[in-house]
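Everything numeric here is computed off the predicted structure, so don't read it as measured data. Start at 1 and go down the list; that is how both ligands and their atoms are numbered.
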Amino acid sequence: MERQNIFTILARDGHARRGRLSTAHGTVETPVFMPVGTVGSVKAVCPADLKDVGAQIILGNTYHLYLRPGDELVARRGGLHRFMRWDGPILTDSGGFQVFSLNELRRLGEEGVEFRSHLDGSRHLFTPEKVVSIQRNLGSDVMMVLDECPPGGSDRDYVARSLGLTTRWARRCREAYPAGAGEQHLFGIVQGGIYEDLREESLAQLAGIGFEGYALGGLSVGEKKADMYRILAHMGPRLPENAPRYLMGVGTPLDIVTGIENGIDMFDCVLPTRNARNGTLYTSQGKVNIKRAEFREDDSPLDPACSCYTCRTFSRAYLRHLYVAKEILSFRLNTIHNLRYFLDLTARARTAIEAGTMAALKAEIAAAYPEDGA
Ligand SMILES: CNc1nc2c(CC[C@H]3O[C@@H](OC)[C@@H]4OC(C)(C)O[C@@H]43)c3nc(N)[nH]c(=O)c3cc2[nH]1
Ligand SMILES: [Zn+2]
């Protein structure tokens, strides 16, 4: 049967798109920031907090959930939505990136990637078919293909060989889960390093196979910021027009706005959650390091321009005290705020695209985060 179009573009501002992605667990208004839930939870916050800060879609992690508690166990518990009590859309990464970033002991072959569990050293093999099976067990609304993400700084020959393997694996994922086979979407991942011609080759091969959405992988992996922006500018607008576009693992507030102006719709990054836990808070006036002594007796809210629970309720003095005292509540309140900042940023971008004012939003973010520039 002809699949109804899962992605609609409602407005444009240059290459930027205001869109709507439909999934089995509801629609996603884009551009969208996706909080990262590594092992089945967005660290330090609960589903009610996620709803409160405006999260629409969150990320789950195939690699971790496969190793613990096991994708079969999650399937027996009714799938990841029911297991973690999150009824909105979930996107799962295929796990390839985590295998490469978490394991020295791994072997890469045509069949798949062999690795040892970082938990107990047991040996495992991720094949394209296996990672599709795991993601089907988890029941995620968006599944990612198994790919090889070459380390930043890989030479051109390695990147060229690697993208061929990534395409062959993507084809095997599609064959394991053909278009129309179910309600889950399958996204391809474009590789090709920092080389425009290899990026275009990777995209052409994936578009020839056909996916419901397309991700730009292989970025934010240690390459120079100027190289990331160059590839982003070249490839963002070249990704298939009527499919959702996902820039993996990106990024800072300025990276996200830059991605949006280059036609990207979906973003994930660990910055808001990870930095919340080390006291780095994102605000309308730039970064605030809450542990600084200057906040000891500061009764003002963290960010006067933010309406999250943390900013409505507590003073900077109290947030600093919690952090210095290593109170567990510090992680939760800081995470609530940082997620709200990143989610409000993409919400503001949706409005800006409709109003044709993306340039003004970018200028505001560039001024608040001067250190983020290329
Ligand atoms: C930080 N920079 C960055 N992250 C990347 C990712 C992983 C994105 C996932 O890794 C975690 O962020 C570190 C998040 O936690 C889960 C939930 C696993 O999902 C997010 C990538 N994943 C795949 N498959 N392929 C890529 O080329 C790729 C490139 C990336 N660059
Ligand atoms: Zn706030």
Please tabulate, one pair per line, all N/O donor-acceptor pairs under 3.5 Å involving side-chain atoms of residues 132-139, not counting sequence neighbours.
| residue | atom | partner | partner atom | Å |
| --- | --- | --- | --- | --- |
| Q135 | OE1 | T92 | OG1 | 2.8 |
| Q135 | OE1 | M144 | N | 2.9 |
| Q135 | NE2 | V131 | O | 3.1 |
| Q135 | NE2 | M144 | O | 2.9 |
| N137 | ND2 | D71 | OD2 | 2.7 |

Side-chain donor-acceptor contacts of residues 33-47 below 3.5 Å, not counting sequence neighbours, with atom names and distances?
none

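Classified by interplanar angle (parallel below 30°, tilted 30° to 60°, perpendicular above 60°), the ring pair Y63/F115 is tilted. Ring pair F211/Y214 is perpendicular by interplanar angle, where above 60° counts as perpendicular and below 30° as parallel. The aromatic rings of F314 and Y318 sit parallel to each other, their planes meeting at less than 30°, with 60° as the upper class boundary.
Around the Zn ion (ligand 2), the protein atoms of type N, O or S found under 2.8 Å away are C306 SG, C308 SG, C311 SG, H337 ND1, listed by chain and number.
Checked options R230, R238, H234; the residue passing with E196 is R230 (criterion: side-chain hydrogen bond (donor to acceptor under 3.5 Å, both in side chains)).
In this structure, Y66 has its ring center closer than 6.0 angstrom to the ring center of F126.
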One line per pair, note the atom names and distance for all nitrogen or oxygen contacts under 3.5 Å between ligand 1 and the protein.
| residue | atom | partner | partner atom | Å |
| --- | --- | --- | --- | --- |
| ligand 1 | 2 (N) | S220 | O | 2.9 |
| ligand 1 | 2 (N) | S220 | OG | 3.3 |
| ligand 1 | 10 (O) | Q98 | NE2 | 3.0 |
| ligand 1 | 22 (N) | D93 | OD2 | 2.8 |
| ligand 1 | 24 (N) | D93 | OD1 | 2.9 |
| ligand 1 | 24 (N) | D93 | OD2 | 3.3 |
| ligand 1 | 24 (N) | D147 | OD1 | 3.0 |
| ligand 1 | 25 (N) | D147 | OD2 | 2.7 |
| ligand 1 | 27 (O) | Q191 | NE2 | 2.9 |
| ligand 1 | 27 (O) | G218 | N | 2.7 |
| ligand 1 | 31 (N) | L219 | O | 2.8 |

side-chain hydrogen bond (donor to acceptor under 3.5 Å, both in side chains) for S307 and R340? Distances and angles first, verdict last.
CA-CA 9 Å; S307 52; R340 181 65 176 264; 2.9 Å; yes
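Residues R106 and E114 are not paired through a salt bridge, judged by the lack of any N-O separation under 4.0 Å between the basic side chain and the carboxylate.
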